[in-house]
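Here's the structure we're looking at; comments come further down.
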Amino acid sequence: MIVVLERGCSLKDKAAVVRFVEQAGGRLLVSELGDTSHIGLIDDRARSLADQIVAMPGVDRIDQHAPPYPQVSREHHGHDSLVGVRDVTIGGDDVVVIGGPCSVESAEQIDIVSRGVAQSGAKMLRGGAFKPRSSPYSFQGLGEEGLLLLAAAGRRTGLPIVTEVVAPEDVELVATHADMLQIGARNMQNFRLLSEVGSQPVPVLLKRGIASSIDELLLAAEYIASAGNSQVVLCERGIRTFETKTRNTLDLSAVPVLKAESHLPVIVDPSHAAGDRKLVPALAAAGIASGADGLLIEVHNDPDNALSDGPQSLTIESFAEAVNQVRAIASALGRRVAA
Ligand code: PEP
Ligand code: MN
């Protein structure tokens, strides 16, 4: 619910509305859009105050149908947000490619892959240390050791690193080493984890849940922003449908929808959508064509023997080719792949 103040509403009237809501125990968000002030009433308790607020001096109207995610919604931010990960900016003119293995497996593996992706156009390095696997018998990641190996590879190549955090109690440890925290598809609605990454300053890469709607993804982002961290990048990584020829169905329409609904940057993960490395370059190109601000691509030096997600991992050579194709698409749209 949003309270729209009259054009030229005095500071005194504006302050009176804010005080009234706060004294009634409601949470709010004040923003300026053009020459009007908007006061977003964040929690449901504030709804009961609507009749009284609309009668206050300086109030033009109340919009009951405003989206339920005021902090990440475009209604409150006319411009696109930029998310800074060390010296890399996501959400600007440059398309940011993030490459690396599904899991960090050994010092040698992460060394080879990190150098390979750095030379082939990646601006950030990915790699899982804490892995959320469907089976308890699958490789679960190297944990803290993997985190340290990834951080060392990031330092050697100069690439900022992004890695997944799966539990609230691990956030502090992972945030000490990572430049960006990934919330995986399986944890998109782990609300305690969302609040935890929201109450620390490291930027967050939030992946869409396997069977989550776009609204649910935006509400998950709202959890993080409302806890205090607005440095959030959204990621479309494919959703479950009846189709069996791909691991998931890459919902490319989510990209323009998210860009219209939210000011947050949006990236596409073609690897988990495809499940098959042959399909990854085409989906990567399509992701950028649909308006995404970046890509998250799995790359392995020996995909056939990878400990996780080998079938969908590109070799370093095919990653370099895919990035070149993406470069051509980006330039046709007046953008560049960050060099
Ligand atoms: C991953 O990035 O390796 C991963 C587990 O992704 P998702 O959460 O999208 O399945
Ligand atoms: Mn993976």
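Order of listing sets the numbers, starting from 1, for every ligand and every atom in it. Computed from a predicted model, the values in this text were never measured in an experiment.
Between Asp309 and Arg247, at least one side-chain N (NZ, or NE/NH1/NH2) sits under 4.0 Å from a carboxylate O, which counts as a salt bridge. For Arg126 and Glu298, the salt-bridge test passes: some basic side-chain N is under 4.0 Å from an acidic carboxylate O. Salt bridge absent: Asp60 and Arg7 never bring a charged side-chain N and a carboxylate O closer than 4.0 Å. Taking the charged nitrogens against the carboxylate oxygens, Asp87 and Lys123 have no contact shorter than 4.0 Å, which rules out a salt bridge. Using a 4.0 Å cut-off between charged side-chain N and carboxylate O, Asp94 and Arg336 make a salt bridge.
In this view, Arg115 and Asp111 satisfy the salt bridge (charged side-chain N to carboxylate O under 4.0 Å, His left out) rule, not counting sequence neighbours.
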Quick check on ligand 1: any N or O pairs to the protein under 3.5 Å? One line per pair.
from, atom 1, to, atom 2, distance (Å)
ligand 1, 2 (O), Arg126, NH1, 2.8
ligand 1, 2 (O), Arg126, NH2, 3.4
ligand 1, 2 (O), Gln182, NE2, 3.0
ligand 1, 2 (O), Lys207, NZ, 3.0
ligand 1, 3 (O), Arg126, NH2, 3.0
ligand 1, 3 (O), Lys131, NZ, 2.9
ligand 1, 3 (O), His272, NE2, 3.1
ligand 1, 3 (O), Glu298, OE2, 3.2
ligand 1, 6 (O), Lys207, NZ, 2.9
ligand 1, 6 (O), His272, NE2, 3.4
ligand 1, 8 (O), Ala185, N, 2.7
ligand 1, 9 (O), Lys207, NZ, 2.8
ligand 1, 9 (O), Arg237, NE, 2.6
ligand 1, 9 (O), Arg237, NH2, 3.4
ligand 1, 10 (O), Arg186, NH1, 2.9
ligand 1, 10 (O), Arg237, NH2, 2.8

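Applying the salt bridge (charged side-chain N to carboxylate O under 4.0 Å, His left out) test to pairs two or more places apart or on separate chains, those with a residue in residues 8-25 are Lys14-Glu32.
Enclosure of atom CZ in Arg240 is not indicated, since only 12 or fewer non-hydrogen atoms of other residues, nucleotides or ligands lie within 6.0 angstrom.
Atoms of the protein (N, O or S only) found under 2.8 Å from the Mn ion (ligand 2) are Cys102 SG, His272 NE2, Glu298 OE2, Asp309 OD2.
Between Pro281 and Leu314 the shortest heavy-atom distance is CD-CD2, 4.3 Å.
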